[in-house]
Amino acid sequence: MKTEISRVNTIDILELEKNAKENECYIVNIRGGNIQTKKSFLELMTEKFLLPDSTGWDSFTDWMTDLSWIDNPCFCIIIKDYTDFLKKILSPKKL
């Protein structure tokens, strides 16, 4: 499994989404400005990935390292406007 975090421009995002679709990846798009708190992030990810329970980082990490109920061969999470993502969290963005 390859895990990669990249900072890209709009054209790169379009290419990334195209490649992800061609590879039948499960794609989640997040608007950074809409997710300002840990709670809103966990709620969105619980919804998008159909997580049974995600009340904190530990349970979130457990479920995200499983995802066996999703049949796609790969996953692609795109956070647009990353500089606006989780702005209300005082500690650095370490996900």
Side-chain angles (χ1 to χ4, degrees):
M1 177 192 318
K2 180 181 176 185
T3 301
E4 183 177 333
I5 298 175
S6 303
R7 184 173 288 247
V8 296
N9 62 34
T10 303
I11 294 169
D12 293 334
I13 288 174
L14 294 173
E15 185 67 24
L16 176 66
E17 287 178 306
K18 179 182 172 221
N19 289 337
K21 287 177 185 172
E22 288 173 359
N23 288 302
E24 299 179 11
C25 293
Y26 188 86
I27 303 169
V28 172
N29 280 291
I30 299 173
R31 283 236 159 266
N34 293 343
I35 304 298
Q36 296 298 304
T37 64
K38 171 185 165 181
K39 182 178 186 280
S40 62
F41 175 70
L42 293 176
E43 287 172 352
L44 177 74
M45 296 303 277
T46 297
E47 174 191 327
K48 296 292 186 181
F49 284 96
L50 310 171
L51 304 177
D53 165 31
S54 189
T55 56
W57 290 126
D58 289 339
S59 61
F60 172 73
T61 302
D62 287 345
W63 289 118
M64 290 300 289
T65 56
D66 180 355
L67 297 176
S68 58
W69 57 93
I70 298 176
D71 230 7
N72 301 67
C74 53
F75 302 89
C76 181
I77 301 170
I78 299 171
I79 303 173
K80 296 176 181 169
D81 304 319
Y82 183 75
T83 55
D84 296 328
F85 178 64
L86 297 176
K87 266 190 167 177
K88 293 186 179 177
I89 293 181
L90 299 176
S91 60
K93 298 175 204 171
K94 292 183 181 178
L95 298 178

**Study point:** Stepwise side chain to side chain contact (heavy atoms under 4.5 Å, CB included) test for L42 and T55
**Key:** CA-CA 7 Å; L42 293 176; T55 56; over 6 Å; no
Review point. Does N72 reach the main-chain N or O of E24 with its side chain, forming a donor-acceptor pair under 3.5 Å?
Key: yes
Practice item. State, to 0.1 Å, how close M64 and I77 come at their nearest heavy-atom pair, and which atoms those are. Key: CE-CD1, 4.2 Å
Check your understanding: Would you say L14 and I27 are hydrophobically clustered, going by side-chain heavy atoms of ILVMFWY under 4.5 Å?
Key -> no
Revision key, fill the gap. Here the pair of heavy atoms bringing L86 nearest to T37 is CD2-O, 3.5 Å
Practice item. Look at atom CG of N9 and say whether more than 12 heavy atoms of other residues, nucleotides or ligands are closer to it than 6.0 Å. Key: yes
Exercise for review: Name the orientation class of the two ring planes belonging to F60 and F41 (parallel below 30°, tilted from 30 to 60°, perpendicular beyond 60°).
Suggested key: perpendicular
Check your understanding: Got V28 and I78 here, is their nearest side-chain heavy-atom distance under 4.5 Å?
Key -> no
**Study point:** From CA spacing to verdict: side chain to side chain contact (heavy atoms under 4.5 Å, CB included), R31, D84
**Key:** CA-CA 8 Å; R31 283 236 159 266; D84 296 328; over 6 Å; no
Check your understanding: Does a side chain donor of either N29 or E17 reach within less than 3.5 Å of an acceptor in the other side chain?
Key -> yes
Review point. How long is the span from the CD1 atom in I70 to the CG atom in D66, to the nearest 0.5 Å?
Key: 9.5 Å
Exercise for review: Measure the spacing between OH of Y26 and CG of L67 and express it to the nearest 0.5 Å.
Suggested key: 9.0 Å
Practice item. On the 0 to 90° scale, with breaks at 30° and 60°, tag the F49-F75 ring pair as parallel, tilted or perpendicular. Key: tilted
Exercise for review: Kindly determine whether F85 and Q36 satisfy side chain to side chain contact (heavy atoms under 4.5 Å, CB included), including the steps that lead there.
Suggested key: CA-CA 6 Å; F85 178 64; Q36 296 298 304; over 6 Å; no
Practice item. Could I get the full list of side-chain hydrogen bond (donor to acceptor under 3.5 Å, both in side chains) partners for K39, not counting sequence neighbours? Key: E43
Exercise for review: Please report the closest heavy-atom contact between N23 and P73, naming both atoms and the distance.
Suggested key: O-CG, 3.4 Å
Review point. Looking at side-chain heavy atoms only, is the closest gap between I30 and M45 below 4.5 Å?
Key: yes
Practice item. Decide, based on the SG atoms alone, whether C74 and C25 are under 2.5 Å apart. Key: yes
